Protein chains: 2
Amino acid sequence: MESRSFSIQTLQRLPYYLDYLRKVETENVSSTAVASEFGLNEVQVRKDLASVSLQAGQPRKGFATLALIRDIEDVLGYGHVDEAVIVGVGHLGTALANYSGFENYGLKIVAGFDKRVKHEEWLNDMPIFPVDRMIPIIRRLKIRLAIITVDAANAQSVCDQLVEAGTEAIWNFAPLKLRVSDDIIVHNENMACSLAVLSNHLRK
Amino acid sequence: MESRSFSIQTLQRLPYYLDYLRKVETENVSSTAVASEFGLNEVQVRKDLASVSLQAGQPRKGFATLALIRDIEDVLGYGHVDEAVIVGVGHLGTALANYSGFENYGLKIVAGFDKRVKHEEWLNDMPIFPVDRMIPIIRRLKIRLAIITVDAANAQSVCDQLVEAGTEAIWNFAPLKLRVSDDIIVHNENMACSLAVLSNHLRK
DNA sequence: ACCATATCGATATTATGTTATCGATATGGG
DNA sequence: CCCATATCGATAACATAATATCGATATGGT
């Protein structure tokens with residue numbers, strides 16, 4: 001398998017492009033059009049599209065819309081659905097579990113774990129288990145992606161258990177920086193970080 | 001007022017530093033210590049700290065912990081509380097509204113708006129108003145920061161109304177890129193973008 | 001009192017990401 | 001049939017951020 005690689009920034013722009021491409025109804029799409037839709041630089045978009053597209057763009061026409069959609073979906077892994085679990089089924093965990101949009105992104109949340117749960121419960125059609133059953137269940141389901149929505153005090157310990165159970169990627173909503181070995185990828189969705197930028201802006 | 005400016009990356013690291021500094025009990029803290037706590041580069045941390053600190057660090061000792069805490073809080077605007085509103089009180093909006101942690105970050109959510117609400121309702125001690133009362137209420141309260149948790153279809157229209165009402169910063173959880181004039185700052189907390197990085201990683 | 005060293009600030013280097021430029025090419029209009 | 005032009009790919013210039021290096025300095029240990 002030829003392993004192309006993409007910058008984080010590019011990867012983060014792809015979902016926007018995909019969204020637009022799915023709406024557009026023309027056979028071809030130009031970098032110019034995409035760029036102006038999102039207020040981005042034309043060259044940047046062209047580089048992004050060229051880097052994911054298997055077939056070259058054509059002068060004066062642009063890229064073939066359908067092929068491009070397929071290529072982006074492929075890079076993002078949509079279509080091949082990943083199964084994930086949520087640890088910490090409080091307000092935020094519930095909100096995420098209920099968020100139906102994830103299936104559009106190739107993500108299916110198949111189970112939840114919560115320390116307050118003593119016996120298996122159900123949230124809509126998703127089972128919630130006690131935390132102490134986490135490791136065996138994740139192992140059995142071969143879960144590779146986990147979402148952490150527990151509080152800061154418990155997040156690191158949960159994270160360690162997830163890694164022990166074989167999880168490869170972690171999406172962390174707890175307000176702290178998780179420490180993991182280099183082969184595990186962690187994405188921190190720390191609200192304090194986002195707020196820092198906005199808050200500092202208002203201070204001026 | 002001397003208007004120092006900080007890179008977004010630095011601003012996003014500051015909350016982590018702050019968290020650590022508050023826990024530490026020594027009179028001084030070195031960049032080295034902070035860096036090793038978070039697995040960051042020592043020089044990077046030193047540059048960050050030097051850029052926010054009003055007084056210089058001392059060789060062999062580091063920075064004065066308390067002064068540093070104060071300086072970071074100042075840059076982040078904690079202490080001076082900002083009032084914010086939430087538009088879209090669904091699962092996610094409720095989760096955010098209930099999240100008590102924001103007060104630690106100088107953010108107080110004072111009202112919500114939702115299109116399904118016809119007459120004023122209460123969520124704990126926060127009032128929820130119909131969307132059509134949004135503009136006058138935001139004007140009256142002089143709200144500068146708004147959180148958008150409506151669906152993608154309505155987000156741009158909500159955003160336009162917020163700007164019209166005088167909002168200066170927007171924290172957007174809807175999965176699309178909002179178009180605003182340059183003087184408004186938007187932070188997109190697009191789940192699809194975060195997921196893109198993780199998902200691509202698992203594909204390899 | 002002096003030396004070893006932790007830490008600092010400053011500067012230089014490297015890496016990454018964005019924007020500008022330019023020649024090539026294919027399409028549509030005169 | 002040819003020219004004007006939209007778009008491409010490639011390369012170059014620029015911007016920003018991360019890391020490495022180095023001399024200066026103050027502290028603690030001998």
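As the structure is a prediction and not an experimental result, all values here were calculated from the model. So that the names make sense, note that chain A is the first sequence line, chain B the second, and so on, each numbered from 1.
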Ion pair present between A:Arg144 and A:Glu168, side-chain N to carboxylate O less than 4.0 angstrom?
yes

Whole-Å distance, B:Ile8 CD1 to D:dA15 P, equals 17 Å

Counting neighbours of CD1 on B:Ile8 that are heavy atoms of other residues, nucleotides or ligands and sit closer than 6.0 Å, is the number greater than 12?
no

Starting at CD of A:Glu42 and ending at P of C:dT18, how long is that distance when rounded to a whole Å?
15 Å

Between D:dT19 (C1') and B:Leu40 (CG): distance, integer Å
12 Å

Quickly work out the A:Gln12 CD to C:dG17 P distance and round it to whole Å.
11 Å

Confirm from the modelled atom types if B:Arg46 and C:dT7 form a donor-acceptor pair under 3.5 Å, side chain to base only.
no

Assuming nearest nucleotide by heavy-atom distance, tell me which of B:Val43 and B:Ala33 is located more 5' along DNA chain C.
B:Ala33

Tell me which nucleotide among C:dT7, C:dG9, D:dA18 gets nearest to the side chain of B:Ser30.
C:dT7

Phosphate OP1/OP2 of D:dT7 contacted by A:Thr32 side-chain N/O (<4.0 Å)
yes

Side-chain N,O (A:Ser31) to OP1/OP2 (D:dC8) below 4.0 Å
yes

Separation of C:dA6 C1' from B:Asn28 CG (nearest whole Å)
13 Å

Of D:dC8, D:dA20, C:dG9, the nucleotide closest to the side chain of B:Ala50 is C:dG9

May I have the distance from B:Asn41 (atom CG) to C:dT13 (atom C1'), rounded to whole angstrom?
13 Å

Across the strands shown, which category fits A:Thr10 at heavy-atom distances under 4.0 angstrom: base, sugar-phosphate, nothing?
nothing

A:Lys47 atom NZ is separated from C:dG17 atom C1', nearest whole Å, by 7 Å

Would A:Asn28 and A:Thr26 count as having a side-chain donor-acceptor pair, cut-off 3.5 Å?
no

Pick the closest DNA chain C nucleotide for A:Asp48 and for B:Gln55 by heavy atoms, then say which residue is nearer the 5' end.
B:Gln55

Tell whether A:Arg60 reaches the base of C:dT27 with its side chain through a donor-acceptor pair below 3.5 angstrom.
yes

Starting at CD of B:Gln44 and ending at P of D:dA17, how long is that distance when rounded to a whole Å?
11 Å

The test is salt bridge (Lys or Arg N to Asp or Glu O under 4.0 Å); show your working for A:Arg203 and B:Asp74 and say whether it passes.
CA-CA 9 Å; A:Arg203 200 75 32 250; B:Asp74 201 47; over 6 Å; no

Under 4.0 Å: is that the gap between some side-chain N or O of B:Gln58 and OP1 or OP2 of D:dA26?
no

Quick one: sort the A:Phe102 and A:Tyr99 rings into parallel, tilted or perpendicular, breaks at 30° and 60°.
perpendicular

Between C:dT25, D:dA17, D:dA26, spot the one nearest the side chain of A:Pro59, thanks.
C:dT25

